[in-house]
Engineer: 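Take this structure, written in structure tokens, and hold onto it; I'll ask about it next.
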Amino acid sequence: MSKEIYENPDLKKERQNCPFNKEEITHLLDGGKEKTIERKQLENYILSDEQLKDAVPMEYLSHADKYAEELRKACLLMHKLADSPAGQVPTLRALMGAGLGSAVLKEGNPLALHYVMFIPALMGQGTIDQQAKWLEKAYNLNMIGTYAQTELGHGTFLRGLETRATYDPKTQEFILESPSLTAYKWWPGSLGKTANYAVVMAQLYTKGKCEGTHPFMVQLRDEETHEPLPGIVNMWLNPVCISSYIHYGTYVKPTNSKLSYATMVFVRVVVCQDVTTNLRKAVTIATRYSCVRRQSELKPGDREPQVMDYQAQQNKLLPPLAATFAFQLAADHLWNLYHTANNNIEQGDLELLPDLHGLSCALKALCSSEAANFVEVCRQSCGGHGYMSCSNFPRIYGQVTAAETYEGENTVLWLQVARYLVKTRKEQSGGLSVKYLIGEEKGPKTVDTTLEGIVKLYRRAAVGLVDVAIAELDKSGRKGEAPHDAWNHAAVYLIKAAQAHARLFVVESFVDSLKEGKLSAPVRTVLSQLCELFIIYWLLERSGDFFLCSNLTKQDLLLLNSKYVELLAAIRPQAVNLVDSFDLRDEVLNSPLGCWDGNVYQRLFDEAAKSPLNQSNVHESFHKYLKPLLKSNL
Ligand SMILES: CCCCCCCCCCCCCCCCCCCCCCCC(=O)SCCNC(=O)CCNC(=O)[C@H](O)C(C)(C)COP(=O)(O)OP(=O)(O)OC[C@H]1O[C@@H](n2cnc3c(N)ncnc32)[C@H](O)[C@@H]1OP(=O)(O)O
Ligand SMILES: Cc1cc2nc3c(=O)[nH]c(=O)nc-3n(C[C@H](O)[C@H](O)[C@H](O)COP(=O)(O)OP(=O)(O)OC[C@H]3O[C@@H](n4cnc5c(N)ncnc54)[C@H](O)[C@@H]3O)c2cc1C
């Protein structure tokens, strides 16, 4: 007899009479019906393999055992890659990130850097000959690489990196050395125990002159024994410069000194998608749990309500729910720009590189910081159970907050965006921002609180805050301050301008996608409600920016507040149906709070029972420590 599938009655009720086609949203987020089919096939292919399941929860293993277990599974995944139903690159993308990959490798993928940075560095910066030599070896996993740029003393300021690569024209070799403790490469993923090669960023010295940071291929470990090569600590190695800038002993300047930074741009682009996947997981867990959890008393004498029925809970969870769509659509736009710019760069056309740099910094900083804040709100919205390790919130939060630092610390990236905006505004030059900076709204600054009217407010804020920052720079200049001091003293304004610009890009992406998208009426309705909720939410959160740059009044704000709470109530009935549309399997959510069937309490209990401490009534430490204390009559 088929086993009755349990479904929490409250969740079951939430799912009744869904007014839109959930699969239509799933296909939208996957990039089409075929992509959804491919993703589900790949998930079944990976998640059905018993060898990829954890015998015991990872949190109960030692550090070394965690590493060994993750490496075992990562290597098994690579063996499965060849037979993957989705093909190599889509499978790699799925296995390296926060979705399917984290369902199997919960503590992280020891091979991630090989695919996320090492291979892209070879593809983006190696010469044809170098690619012929190294790429096949890397594809075939006959070598495992990482990307070693950050040092103990420097991570942000690349021009301050201390690792030196000195070209010896006699031997036509590069001598790589770490001249000081602070020059030691620190942080590169896989560098400690896994990788046997690395792309090492080092200051190139030739004929006594420093030519700046360049990438070098360095073998770290013996390919047979995996022992570190002799002198690996002081790095007197036989590296190869991954770029074609040394011709017969003479340094040839690259067409653009920033091409060596190209790998970082790629990772910033993919990070936007990855933090959005993590945010989708957190929102799904918190939303389903908030519809299962009943607590307190809303109406005296009534049954305890679902906590999702509190407006305060809706205010916590519906903006992040809307953000998952906003960030996904913006990340899709950025991914398309990346491909266009990259194809142009391969043809020698670097015109879009500044735009790509500016936008990738902006979106990576915005999506990672907003996702981190929203994930923490989702965690808090689940009360004590949200604090448990098994809720998966601690791991999700750790992953999104890491993204605020790696691949460019967010503050530093905001300042890069500001540098790009100030330059673009001053030069009235081309580029993507021209759409926002030059296409500014003409005419009266009266405010209308329609969707179009609110988008115009975002544009006024984006342009206005750049002008405020420029005015600060000019004021400092008139006082005789040097440009670098003026820049530092305007940092707060510059960062606000950069953030307003990033928000404008996300808002425009969301609105434009709904205009362009071929959506059914019910899906368009619910996504339009989410879009309007989100852009009002951000406006209310940053109302100071809008007061500064437009004729927004207190009356307008009160009107927008009313609109906002109306939208909370309108979207609330569809919250579970919307997160169901993400189609995130329980194994990917990896949380008893967020499971599809809502059987939360039983699953929490089962998880707790897995703890080694719960394998006996009295732990041995009682007899060693507690009993003597109890007897000691202190
Ligand atoms: C079969 C094989 C398939 C292989 C593919 C498979 C793909 C799989 C993909 C899967 C994806 C799945 C999800 C992945 C999830 C993510 C996992 C991530 C894992 C962790 C990765 C973390 C790694 C790291 O952290 S690496 C180290 C990163 N470090 C940094 O980012 C350093 C930050 N610092 C800087 O960028 C610079 O130092 C900066 C910008 C702060 C200052 O530099 P500098 O002082 O030199 O510049 P400025 O003087 O300020 O500006 C000069 C000039 O240059 C321009 N510029 C600066 N940077 C760039 C750039 N990056 N690009 C372009 N242009 C740049 C700047 O705008 C200025 O221009 P001006 O014209 O002069 O104004
Ligand atoms: C999980 C993780 C994985 C990583 N993986 C790798 C890897 O695989 N390979 C690799 O090479 N690196 C890796 N990193 C290192 C990472 O790229 C650096 O930590 C990052 O670039 C920040 O540099 P930093 O640590 O030197 O911070 P710092 O730049 O020292 O930041 C400290 C403070 O100084 C501020 N600051 C710095 N410069 C400025 C400025 N110009 N203006 C204003 N404020 C400033 C920052 O905003 C920050 O508040 C990883 C880091 C993490 C957390």
Side-chain angles (χ1 to χ4, degrees), residues 81 87-102 108-109 112-123 135-136 138-141 146-161 182 185-191 195 198-201 212-213 256-278 341 345 350 352-358 360-361 364-365 368 398-399 401-424 427 429 484 487-488 491 494-495:
L81 191 61
Q88 292 251 336
V89 178
T91 301
L92 280 170
R93 287 196 61 179
L95 294 180
M96 296 301 147
L100 181 57
S102 66
N109 185 337
L113 265 292
H114 179 74
Y115 287 104
V116 176
M117 297 202 78
F118 182 73
I119 289 179
L122 291 178
M123 292 164 76
L135 272 183
E136 188 176 357
Y139 284 153
N140 296 338
L141 288 170
T146 184
Y147 182 84
Q149 176 172 288
T150 302
E151 297 168 355
L152 258 179
H154 288 90
T156 287
F157 189 55
L158 301 190
R159 286 183 283 145
L161 290 177
T182 47
K185 291 302 178 183
W186 197 269
W187 268 113
S190 316
L191 184 63
V199 168
V200 176
M201 295 297 277
T213 50
N256 183 306
S257 61
K258 299 308 170 191
L259 278 178
S260 64
Y261 293 167
T263 308
M264 293 183 285
V265 174
F266 167 74
V267 181
R268 289 167 190 161
V269 170
V270 296
V271 162
C272 298
Q273 172 60 61
D274 204 58
V275 296
T276 303
T277 300
N278 262 323
I345 290 166
L350 303 172
L352 276 178
L353 183 57
D355 296 306
L356 180 62
H357 173 50
S360 59
C361 288
K364 181 269 188 187
S368 60
Q399 288 175 359
T401 49
E404 294 184 277
T405 300
Y406 66 53
E407 217 50 68
E409 197 280 328
N410 279 358
T411 303
V412 167
L413 297 188
W414 285 127
L415 290 167
Q416 281 295 300
V417 177
R419 178 181 174 127
Y420 162 76
L421 292 174
V422 167
K423 191 173 179 181
T424 307
E427 292 171 0
S429 60
H484 58 268
W487 184 264
N488 187 37
L494 290 164
I495 290 168

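One-based numbering, in listed order, for ligands and for the atoms of each.
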Engineer: When you measure from the heavy atoms of Gln149 to every atom of ligand 1, does any distance fall below 4.0 Å?
Structural biologist: yes
Engineer: Evaluate Glu407 for polar contact with ligand 1, using N/O atom pairs at a separation under 3.5 Å.
Structural biologist: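 Yes; at least one N/O pair falls below 3.5 Å.
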Engineer: Below 3.5 Å, N or O to N or O, backbone or side chain included: is there any such pair between Glu409 and ligand 2?
Structural biologist: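 Yes, since at least one N or O of Glu409 sits under 3.5 Å from an N or O of ligand 2.
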Engineer: With a 4.0 Å cut-off, strictly under, does atom 34 (O) of ligand 2 pick up any protein heavy atom?
Structural biologist: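 Given the 4.0 Å limit, the answer for atom 34 (O) of ligand 2 is no, no protein heavy atom qualifies.
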Engineer: Please state whether the rings of His114 and Phe118 are parallel, tilted or perpendicular, taking 30° and 60° as the class boundaries.
Structural biologist: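 Because their plane-to-plane angle is under 30°, the rings of His114 and Phe118 count as parallel.
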Engineer: Just heavy atoms, cut-off under 4.0 Å: does Gln416 contact ligand 1 by side chain, backbone, both, or neither?
Structural biologist: side chain
Engineer: Is it the side chain (CB and beyond), the backbone, both or neither of Gln88 that lies under 4.0 Å from ligand 1, heavy atoms counted?
Structural biologist: neither
Engineer: Please determine whether any non-hydrogen atom of Glu409 lies less than 4.0 Å from an atom of ligand 1.
Structural biologist: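 The answer is no: ligand 1 sits nowhere under 4.0 Å from a heavy atom of Glu409.
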Engineer: Looking at atom 41 (N) of ligand 2, tell me if a protein heavy atom falls under 4.0 Å from it.
Structural biologist: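 For atom 41 (N) of ligand 2 the answer is no, since every protein heavy atom stays at 4.0 Å or beyond.
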Engineer: If you measure every N/O of Arg93 against every N/O of ligand 1, is any gap under 3.5 Å?
Structural biologist: no
Engineer: I want to confirm something. Looking only at heavy atoms, which of Val412, Leu161, Leu413 is nearest to atom 41 (C) of ligand 1?
Structural biologist: Val412
Engineer: Geometry only, no angles: is Met117 polar-contacting ligand 2 at N/O separations under 3.5 Å?
Structural biologist: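 For ligand 2, there is no N or O atom that lies under 3.5 Å from one belonging to Met117.
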Engineer: Is there a nitrogen or oxygen of Tyr115 sitting under 3.5 Å from a nitrogen or oxygen of ligand 1?
Structural biologist: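 Such a contact does not occur with ligand 1.
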Engineer: Please work out whether any backbone atom (N, CA, C, O) or any side-chain heavy atom from C-beta onward of Thr146 is under 4.0 Å from ligand 2, and answer side chain, backbone, both or neither.
Structural biologist: neither
Engineer: Going by distance only, is there an N or O of Arg159 that falls short of 3.5 Å from an N or O of ligand 1?
Structural biologist: yes
Engineer: Would Gln273 count as a contact residue for ligand 1, given that I'm defining contact as a non-hydrogen atom of the residue lying under 4.0 Å from a ligand atom?
Structural biologist: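 Per 4.0 Å heavy-atom rule, Gln273 does not contact ligand 1.
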Engineer: Can you tell if the side chain of Lys364 reaches within under 4.5 Å of the side chain of Asn410, non-hydrogen atoms only?
Structural biologist: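 Yes; the side chains approach each other to less than 4.5 Å.
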Engineer: If you measure every N or O of Gln149 against every N or O of ligand 2, does any of those distances drop under 3.5 Å?
Structural biologist: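 Yes, since at least one N or O of Gln149 sits under 3.5 Å from an N or O of ligand 2.
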Engineer: Backbone or side chain, does any N or O of Asp274 fall under 3.5 Å from an N or O of ligand 1?
Structural biologist: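 Between Asp274 and ligand 1, no N or O pair is found under 3.5 Å apart.
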Engineer: Would you indicate which of His114, Arg268, Arg419, Met123 comes nearest to atom 68 (C) of ligand 1 when only heavy atoms are counted?
Structural biologist: Arg419
Engineer: Record the part of Val265 in heavy-atom contact with ligand 1 below 4.0 Å; permitted values are side chain, backbone, both and neither.
Structural biologist: side chain
Engineer: Please determine if Gly408 has a nitrogen or oxygen closer than 3.5 Å to a nitrogen or oxygen of ligand 1.
Structural biologist: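 Yes; at least one N/O pair falls below 3.5 Å.
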Engineer: Does the N or O separation between Trp186 and ligand 2 drop below 3.5 Å for any pair?
Structural biologist: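 Between Trp186 and ligand 2 (N or O atoms, distance only) the closest approach is not under 3.5 Å.
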Engineer: Looking at residues at least two apart in the chain, or sitting in another chain, which of them share a side-chain contact (heavy atoms from CB on, under 4.5 Å) with Gln88?
Structural biologist: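 Partners of Gln88 by the side-chain contact (heavy atoms from CB on, under 4.5 Å) criterion, ordered by chain and then number, come out as Leu81.
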Engineer: I'd like to check which ligand 2 atoms, numbered from 1 as shown, lie under 4.0 Å from a non-hydrogen atom of Leu113.
Structural biologist: 8 (O)
Engineer: With heavy atoms of Gly189 as the reference, note each atom of ligand 2 found under 4.0 Å away.
Structural biologist: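 Heavy-atom distances to Gly189 below 4.0 Å select 7 (C), 8 (O).
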Engineer: With sequence neighbours excluded, what pairs up with Ala148 under the side-chain contact (heavy atoms from CB on, under 4.5 Å) test?
Structural biologist: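 Counting only residues at least two positions away or on another chain, Ala148 forms a side-chain contact (heavy atoms from CB on, under 4.5 Å) with Lys185, Pro188, Ala198, Val200.
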